[in-house]
Amino acid sequence: MLETKYNHKEVEKDKYKLWKEKGYFASGNTNKPPYCIVIPPPNVTGKLHLGHAWDTTLQDIIIRYKRMDGYDTLWLPGMDHAGIATQAKVDKKLKEQGINPRTMDREEWLKVAWDWKREYAENIHTQWEKLGLSLDYSKERFTLDDGLSKSVRKVFVDLYNEGLIYRGERIINWDPEAMTALSNEEVIYKEVEGAFYHLKYFLEDSDTYLEVATTRPETLFGDTAVAVNPNDERYKDYIGKNVILPIVGKKIPIVGDMHADPEFGTGVVKITPAHDPNDFEVGQRHNLERIVVMNPNGTMNEFAGIYKGMDRFECRKKVVEDLKEQGILIDIKPMVHSVGHSERTDVMVEPYLSKQWFVKMRPLADRVLENQKNRDTKVNFVPERFEKVMNHWMEITYDWCISRQLWWGHRIPAWYKDDAVYVGMEAPKEEGWVQDTDVLDTWFSSALWPFSTLGWPEATSDFKRYYPNNCLVTGYDIIPFWVNRMTFQGLHFTNYRPFQDCLIHGLIRDKQGRKMSKSLGNGVDPMDVIDTYGCDALRFFLATSSAPGMDLRYDEEKVKSTWNFINKLWNASRFVLMNLEDFTKEQETMEGLDLSEKWILTKMNHLIQVVRKHMDQYEFHVVGTEIYNFVWNDFCDWYIELAKMKMNDRTKTVLMTVLETILKLLHPFMPYVTEEIYQMLPTHEESIMISSYPTVQEEHIYEREKSDLDEMIAFVVKVRTYKLENQIPKDVKVYFEGNSLILDMLKITQEQLVSKETIENQNCGSVKSNCASIYFLFDSSKNLEKEKEILLKEKEKLEANITRRENLLANENYVSKAPSALVEQERATLENEKQSLEIVLQKWNQLSK
RNA sequence: GGGCGAUUAGCUCAGUUGGUUAGAGCACCUGCCCUACAAGCAGGGGGUCGUAGGUUCGAGUCCUACAUCGCCCACCA
């Protein structure tokens with residue numbers, strides 16, 4: 001016998017292990033159509049947070065649904081080496097042990113990193129298990145696996161040979177903390193309070209000067225020109241002359257360039273080609289020297305003269321002081337401008353001239369844009385609007401800096417010997433070639449994930465069977481980093497979209513709507529939630545509390561109320577199972593279904609229909625609401641109460657059928673509790689996980705009976721309200737006309753019934769509707785005023801409705817243009833209302849006597 | 001500057017291709033320990049759907065403008 005209260009800890013114990021051992025998670029049944037999702041690989045840097053819990057729950061719901069519905073499902077697990085993030089964490093750990101990681105041998109350091117990876121992978125496995133995820137572990141991959149590394153090299157080499165990967169000196173985003181280059185996507189712009197420093201750049205051999213405005217005076221050591229707009233009347237005559245660079249004292253040219261905006265600042269810009277992307281362009285146009293004035297760690301180098309060795313911010317301060325002293329500084333105007341910060345280390349990014357590897361994006365992006373025009377081959381975003389985010393990125397994207405000055409990652413398959421470069425899958429045979437010491441951007445390997453995990457570039461059976469993937473589930477914040485890159489790499493290398501559908505969800509926020517973050521300390525550990533409320537409650541909450549693409553506020557109250565729902569289901573099951581104790585398969589019967597049975601079966605089939613529809617559209621919030629209402633309102637509040645009155649074999653069969661259907665529909669959301677209860681059903685099979693998903697049974701849809709009972713229910717509610725409002729005692733005598741089922745629902749016994757004659761000429765309170773009437777034998781005179789008031793309200797409401805509907809139906813436009821079924825329904829409703837009004841008026845007259 | 005989203009009950013959110021009486025959870029009020037469940041049961045109150053126009057027989061839903069909040073992208077010497 002089940003306990004009175006749902007105990008999630010007891011229910012969730014041991015089931016996962018059993019499922020896994022039984023091989024339910026495994027893919028490979030080729031008799032079924034394939035269905036594949038690859039997990040967005042979590043970073044091996046820490047714990048999974050609520051965002052992961054959400055993301056993976058959605059995938060598990062889809063996978064469990066598809067598995068039950070007859071598909072050979074592959075949900076492929078894996079993890080990402082997460083270059084910068086992991087390296088930073090490993091370094092931090094080493095530093096805490098008193099070891100300077102940069103003094104280590106690369107190989108030695110990698111050993112430490114792999115140990116780290118193993119430890120964190122272990123944690124993640126435990127968490128996946130706790131979340132109940134039906135992942136096929138036999139296919140698990142890691143982005144630094146041999147197989148995946150081979151795909152990475154293949155892609156690099158091919159793109160290189162096609163001229164789509166090149167090495168060059170460009171201004172890139174430099175992270176002076178991690179000491180590596182970054183891509184644009186890894187730079188976060190933040191508003192920073194800075195200042196516009198107005199400086200005097202004296203003309204050569206003159207007392208006059210140009211007023212230059214800059215936010216970065218410390219880069220002046222790298223200035224190789226000053227630019228003015230050629231159309232700027234104030235300055236155009238100076239073009240071709242020279243100014244003297246302050247502090248340094250050397251002369252640099254004044255160039256005319258459209259980059260200088262006469263409206264902005266003073267209209268005179270200092271040009272530092274090695275430290276600003278725009279200046280770099282200007283430098284190219286005017287053939288200017290590029291002088292890097294900083295070291296990789298953000299300190300000033302020898303070009304900064306006496307400032308050499310100073311940190312860039314310290315240097316700025318000192319330079320400004322010195323300029324002031326020398327009378328060069330005219331003014332400091334505070335200003336707020338946005339400055340790039342490293343996504344990982346949060347330090348200010350330094351635009352920096354550096355030799356790096358790049359992917360030439362234009363042709364790759366164009367292919368995506370072209371492909372998205374084709375309905376049959378494009379990536380279908382859910383919700384659709386996110387396609388725009390990808391397309392916009394494809395339109396404006398520029399070359400992707402893929403080399404990273406790190407140790408943790410895929411080593412770039414390029415070798416150098418003097419000035420020669422070799423790019424290939426393996427090192428060149430001859431002596432003297434040295435491999436590039438850099439690794440690739442983590443996202444370079446992530447971009448291949450949907451196919452590299454399936455064995456590509458080999459034409460493996462998995463690749464042929466499960467590619468393209470059916471669906472990818474991820475947050476909108478990952479579209480630029482990942483979804484976009486998978487899409488162009490997929491198209492380029494496999495000629496297919498990597499996945500047919502892309503389900504996008506939002507971000508998890510705290511109760512106040514703030515993003516969950518470490519610095520705010522408002523993060524919630526999903527494992528704690530599971531501990532308190534259970535995995536099933538967490539999953540149902542996450543999957544059903546928001547519409548696709550929308551953010552989700554974590555609200556413990558809602559998780560709690562989900563727990564209550566499970567407890568409700570638990571107790572309903574408890575009731576059903578109590579009545580099924582000796583029930584056997586032979587007793588099952590659907591012969592001679594009565595009204596309430598037809599009613600619940602009809603509602604159940606409606607539910608199956610609507611649930612399937614919304615499952616297919618990834619609208620899990622609708623599915624959740626529908627099942628919730630059916631379970632609580634239809635099944636528990638009405639059907640179980642009705643069933644109590646008879647409880648024959650047929651009723652038991654219906655109870656069991658409905659409960660089993662509920663369990664199956666809920667299983668993708670709540671794998672544990674549904675399995676627990678399922679196993680107690682007298683007719684259960686091996687596991688609910690591999691049972692079949694409910695299908696609509698047309699033969700058990702009885703619309704007529706459904707609306708009949710609906711009407712009776714409405715009457716019952718009306719009577720209960722009336723009794724409560726008029727404080728009518730429980731054992732009141734009544735006269736009743738209508739279906740006796742109503743008396744059962746009202747819990748009115750035979751002893752309470754009186755004949756029509758008894759109530760005649762009595763001051764009876766009554767409730768009447770089109771389907772039944774009930775009279776209460778009690779002195780309603782003291783409630784007369786109140787009752788009249790209620791009646792009057794009802795009367796007014798009905799009259800208003802009737803008028804409105806009559807006008808509506810008198811409107812020829814409406815009658816001719818609205819769907820006829822709707823018009824018919826309106827007519828019927830009108831008739832009902834008229835009847836109801838009649839009844840109300842009768843009663844009114846009676847009371848007024 | 002460009003784009004996207006949000007604005008609906010006290011709070012958090014749903015609301016299908018427009019269909020005429022806008023829903024849920026929590027909170028609130030009244031009455032109940034009835035043998036599945038008091039983490040429950042039976043009832044109840046509460047919203048001019050951000051503002052102003054427009055299209056339509058009909059608008060929370062479509063169009064235009066505006067307001068407020070949030071996000072993304074670009075620019076910022």
Does any N or O donor sit under 3.5 Å from an N or O acceptor when you compare the side chain of [X] with the base of [N]?
| X | N | answer |
| --- | --- | --- |
| Lys560(A) | rA39(B) | no |
| Lys644(A) | rA36(B) | yes |
| Lys558(A) | rC26(B) | no |

Quiz item: What's the verdict on side-chain contact (heavy atoms from CB on, under 4.5 Å) for Val576(A) and Phe635(A), showing C-alpha distance, side-chain angles and the deciding distance?
Solution: CA-CA 11 Å; Val576(A) 173; Phe635(A) 189 56; 4.1 Å; yes
Watson-Crick or G-U counterpart of [N], or none if no pair lies under 3.5 Å:
| N | answer |
| --- | --- |
| rG25(B) | rC11(B) |
| rC4(B) | rG70(B) |
| rG19(B) | rC57(B) |
| rU51(B) | rA65(B) |

Within the 4.0 Å heavy-atom criterion, would you say [X] contacts the bases, only the backbone, or no part of the nucleic acid?
| X | result |
| --- | --- |
| Thr625(A) | nothing |
| Asn564(A) | base |
| Ala547(A) | sugar-phosphate |
| Asp637(A) | sugar-phosphate |
| Val212(A) | nothing |

For [N] versus [M], give the span between their [atom1] atoms, rounded off to a whole number of Å.
| N | M | atom1 | answer |
| --- | --- | --- | --- |
| rU48(B) | rU8(B) | C1' | 12 Å |
| rC34(B) | rC28(B) | P | 24 Å |
| rC49(B) | rA6(B) | C1' | 13 Å |
| rA24(B) | rG47(B) | C1' | 14 Å |
| rG5(B) | rG44(B) | P | 39 Å |
| rG45(B) | rA38(B) | P | 27 Å |
| rG60(B) | rG3(B) | P | 28 Å |

Practice problem: Would you please indicate if the ring centroids of Tyr722(A) and Phe776(A) are separated by under 6.0 Å? | Solution: yes
Quiz item: Is the distance between the ring centroids of Phe541(A) and Tyr533(A) less than 6.0 Å?
Solution: no
[X] side chain: which of [options] is closest?
| X | options | result |
| --- | --- | --- |
| Ser561(A) | rC37(B), rG15(B), rC26(B) | rC26(B) |
| Arg553(A) | rG40(B), rA77(B), rU12(B) | rU12(B) |
| Arg509(A) | rG70(B), rU21(B), rA39(B) | rG70(B) |

Practice problem: Between Val716(A) and Ala213(A), just flag the one whose closest nucleotide in RNA chain B comes earlier from the 5' side. | Solution: Val716(A)
Exercise. Using a strict 4.0 Å threshold on nitrogen-to-oxygen distance, state whether Asp555(A) and Arg553(A) make a salt bridge.
Key: no
Practice problem: Before accepting this row, confirm whether a basic side-chain N of the pair Arg804(A)/Glu799(A) lies closer than 4.0 Å to the acidic partner's carboxylate O. | Solution: no
Presence of [X] side-chain N/O under 4.0 Å of [N] phosphate oxygens OP1/OP2:
| X | N | value |
| --- | --- | --- |
| Arg720(A) | rA42(B) | no |
| Trp638(A) | rC41(B) | no |
| His337(A) | rA77(B) | yes |

In whole angstroms, how far is the [atom2] atom of [N] from the [atom1] atom of [X]?
| X | N | atom1 | atom2 | value |
| --- | --- | --- | --- | --- |
| Tyr398(A) | rA74(B) | OH | P | 6 Å |
| Glu641(A) | rC32(B) | CD | C1' | 14 Å |
| Glu557(A) | rU12(B) | CD | P | 14 Å |

Practice problem: Check whether the side chains of Asn832(A) and Asn770(A) place a donor and an acceptor atom closer than 3.5 Å, and report yes or no. | Solution: yes
Quiz item: Does Trp54(A) have Arg539(A) sitting over its ring (NZ/CZ under 6.0 Å from centre, angle to axis within 45°)?
Solution: no
